[in-house]
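The first residue in the sequence is number 1, and the count goes up from there. Note: hydrogens, waters and symmetry copies are ignored here, and every other heavy atom, side chains too, is used.
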Amino acid sequence: MKAMIFAAGRGERMRPLTDSCPKPLLKVRGRPLIVWHILNLVRAGITDIVINHAHLGHMIEQALGDGSQFGARLSYSPEGTALETAGGIALARHLLGEEPFVALAADIYCPHFDFEQVRNVLEDNDVWGNPHPLDRRDVAWLYLVKNPAHNPKGDFALHSFSIANEGEPRYTFSGIGVYRPSMFDAIAAGETAKLAPLLREYAARGQVGGELYRGDWTDVGTPERLEQLNAPLTGRT
């Protein structure tokens, strides 16, 4: 299995920090956010990793190199102007291959996420070995988290490992998902496209699975959240 880390965002809410440093290289507990992900992926045996970038992308490549320092093989998909998440995947399709891949946002902090669990969540066959019909098998598997203060209404409902657009209980998308490349066939390389509408389209068809992740997780979206993560343990709220 391959992985893709989304690192192309400008990080407007993190300014002025991101004026001179790409958001994925901001440090939490002495380690860049993106390096936490790389090390966790490698620990799970996922060593082929694609990283897209735009804003200050050369700094990301300089810092991470070919990935050998982490035991990984890194490939880069430069975008110039950020193409949004689905657009970034479409541009990187030639690097990702045709098998399901795990993808995650560089700007989340989830130091204990076990990527071993992502390998077999998108099954081609049922429990008896019969192939799922193409129009009924899951094309994506999302990891959800309890709603943080900045997203109290959540993004999706979760019903017995099935993601729905409506209903209760509702949870927040963690930014970690597993996808079939065929999801992105209709997006041309270089086209700007968001992921959320695509996920909602397939969720409405009943083709998105998921589960609740209960470990440590933070969307490092503001300087205040970054500061809180880096505060001494005794000073956290």
Distance check, rounded to the nearest 0.5 Å: [X] atom [atom1] versus [Y] atom [atom2]?
| X | Y | atom1 | atom2 | value |
| --- | --- | --- | --- | --- |
| Leu229 | Leu26 | CG | CG | 11.5 Å |
| Met1 | Arg119 | CE | CZ | 7.0 Å |
| His94 | Ser75 | NE2 | OG | 8.5 Å |
| Leu158 | Glu211 | CG | CD | 8.5 Å |
| Leu25 | Gln62 | CG | CD | 10.0 Å |
| Thr172 | Trp217 | OG1 | CH2 | 6.0 Å |

Counting only N and O atoms by type, is there a donor-acceptor contact under 3.5 Å from the side chain of [X] to the main-chain atoms of [Y]?
| X | Y | result |
| --- | --- | --- |
| Asn52 | Ala7 | yes |
| Glu61 | His58 | no |
| Ser174 | Ile176 | yes |
| Trp36 | Val28 | yes |
| Ser68 | Gly71 | no |
| Glu191 | Ala188 | yes |
| His55 | Ala82 | no |
| Gln69 | Leu64 | yes |
| Arg43 | Asp114 | no |
| Gln207 | Val139 | no |

Heavy-atom closest contact ([X] atom, [Y] atom, distance):
| X | Y | value |
| --- | --- | --- |
| Gly154 | Asn147 | CA-OD1, 3.2 Å |
| Tyr171 | Leu212 | CD2-CD1, 3.6 Å |
| Asp219 | His150 | OD2-NE2, 3.6 Å |
| Asp216 | Tyr213 | O-CE2, 3.7 Å |
| Leu122 | Pro100 | CD1-CB, 4.1 Å |
| Asp138 | Gly206 | OD1-O, 3.9 Å |

Problem - Derivation and outcome, side chain to side chain contact (heavy atoms under 4.5 Å, CB included), residues Val118 and Trp141 - result: CA-CA 9 Å; Val118 309; Trp141 188 274; over 6 Å; no
Exercise for the section: Before giving the answer on side chain to side chain contact (heavy atoms under 4.5 Å, CB included), spell out for Val42 and Ile46 the whole-Å C-alpha distance, their side-chain angles and the decisive distance to 0.1 Å. Expected result: CA-CA 5 Å; Val42 170; Ile46 302 173; over 6 Å; no
Exercise for the section: Take Met183 and Leu199, measure what side chain to side chain contact (heavy atoms under 4.5 Å, CB included) needs, and give me the verdict at the end. Expected result: CA-CA 9 Å; Met183 271 187 70; Leu199 289 174; 4.1 Å; yes
Give a yes or no on whether [X] and [Y] share a hydrophobic cluster (residues Ile, Leu, Val, Met, Phe, Trp, Tyr; joining criterion: side-chain heavy atoms under 4.5 Å apart).
| X | Y | result |
| --- | --- | --- |
| Leu198 | Leu83 | no |
| Ile51 | Leu39 | yes |
| Leu74 | Met59 | yes |
| Phe70 | Phe113 | yes |
| Ile89 | Tyr143 | no |

Heavy-atom side-chain contact between [X] and [Y] under 4.5 Å:
| X | Y | result |
| --- | --- | --- |
| Leu195 | Phe184 | yes |
| His37 | Asn40 | no |
| Pro24 | Ile60 | yes |
| Leu96 | Met4 | yes |
| Glu98 | Arg180 | no |
| Tyr109 | Arg225 | no |
| Ile163 | Phe173 | no |
| Val220 | Leu33 | yes |

Exercise for the section: Considering only NZ, NE, NH1 and NH2 on the basic side and carboxylate oxygens on the acidic side, decide whether Asp48 and Lys2 come within less than 4.0 Å. Expected result: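 No, no charged N to carboxylate O under 4.0 Å.
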Exercise for the section: Run the salt-bridge test on Arg93 and Asp185 with the 4.0 Å N-O cut-off and return the result as yes or no. Expected result: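 Answer for the salt bridge query: yes.
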Handout entry: Side-chain H-bond candidate by donor/acceptor type, Glu79 with His53, under 3.5 Å
Key =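 There is no such pair (donor and acceptor under 3.5 Å, judged by atom type) between the side chains of Glu79 and His53.
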Problem - Phe156 six-ring centre to Arg200 NZ/CZ under 6.0 Å and within 45° of normal - result: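 Here Arg200 passes the 6.0 Å and 45° test against Phe156.
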Exercise for the section: Could you point out which residue of Leu41, Val121, Ile5 forms a side chain to side chain contact (heavy atoms under 4.5 Å, CB included) with Val102? Expected result: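 Output: one option passes, namely Leu41.
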Practice task
Over 60° means perpendicular and under 30° means parallel, so classify the ring planes of Phe101 and Tyr179, tilted if in between.
Solution key: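 Judged by the thresholds at 30° and 60°, the geometry between Tyr179 and Phe101 is tilted.
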Practice task
Answer yes or no: are there more than 12 heavy-atom neighbours, outside Arg205 itself, under 6.0 Å from its atom CZ?
Solution key: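 Correct, the count exceeds 12.
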Practice task
Take Val208 and Ser162, measure what side chain to side chain contact (heavy atoms under 4.5 Å, CB included) needs, and give me the verdict at the end.
Solution key: CA-CA 6 Å; Val208 180; Ser162 182; over 6 Å; no
